Participant: 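Below: one structure in structure tokens.
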Amino acid sequence: MNWKLVTLFILTAALPATALPPPEDLPEEVARTEIITEARSPIDNKRLTAAEYADLQAQLQQRPPENPRDQVSPGLRKTIGLLRLRKFIRTVFPFIPIR
């Protein structure tokens, strides 16, 4: 049997690549270099222009970050502290029963 003919037959009978994206699909390299002219607000998801988005980002960076501890009531903070203390005690002294 002529191996050259078999190899040639296999190569010519191969199906075209079906895993390639469609020709109208935009390549990722091109998409990364596009300039975004419209954006959405991270606060309420409204459409913004590029200038409005830049202004909003500047305002958000100037505002000090909120401390989540300020939003928790003192009673809840005390309860969380006691639960953490209980967990520590059970870790260090596992043989002491805690009710």
Side-chain angles (χ1 to χ4, degrees):
M1 184 175 235
N2 193 349
W3 291 106
K4 290 182 182 180
L5 286 176
V6 172
T7 306
L8 181 63
F9 176 73
I10 291 174
L11 290 177
T12 56
L15 296 173
T18 57
L20 294 175
E24 63 272 359
D25 194 13
L26 189 64
E28 183 181 348
E29 293 81 10
V30 175
R32 274 192 264 144
T33 59
E34 286 184 2
I35 297 173
I36 300 171
T37 57
E38 290 186 6
R40 292 201 174 263
S41 169
I43 298 171
D44 54 7
N45 206 26
K46 285 196 280 186
R47 287 181 169 253
L48 300 173
T49 63
E52 292 171 339
Y53 183 76
D55 291 339
L56 181 62
Q57 289 296 327
Q59 289 174 3
L60 290 175
Q61 289 176 357
Q62 289 175 356
R63 187 170 51 178
E66 297 177 7
N67 189 356
R69 288 189 172 190
D70 297 339
Q71 299 173 356
V72 177
S73 68
L76 183 60
R77 192 175 306 143
K78 181 179 176 183
T79 304
I80 292 172
L82 290 173
L83 287 171
R84 287 181 178 167
L85 178 64
R86 178 182 175 190
K87 181 179 179 184
F88 173 74
I89 291 172
R90 288 192 55 93
T91 304
V92 176
F93 304 109
F95 52 86
I96 297 177
I98 298 178
R99 296 181 189 206

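As the structure is a computational prediction, the values presented were derived from the model and not from experiment.
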Participant: Apply side-chain contact (heavy atoms from CB on, under 4.5 Å) to the pair Asp55 and Leu48, showing each step before the final yes or no.
Facilitator: CA-CA 10 Å; Asp55 291 339; Leu48 300 173; over 6 Å; no
Participant: Supply the atom-to-atom distance Lys46 NZ to Leu56 CG, rounded to the nearest 0.5 angstrom.
Facilitator: 10.0 Å
Participant: Taking Phe88 as the starting point, is it possible to reach Leu82 by hopping between hydrophobic residues whose side chains are less than 4.5 Å apart?
Facilitator: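 Each belongs to a different hydrophobic cluster.
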Participant: Could you tell me which non-hydrogen atom of Glu52 sits nearest to which non-hydrogen atom of Arg47, and how far apart they are?
Facilitator: OE1-O, 4.4 Å
Participant: Hey, what do you get for CG (Leu85) to CZ (Arg90), rounding to the nearest 0.5 Å?
Facilitator: 12.5 Å
Participant: Output the distance between atom OG (Ser41) and atom CD (Gln57), rounded to the nearest 0.5 Å.
Facilitator: 8.5 Å
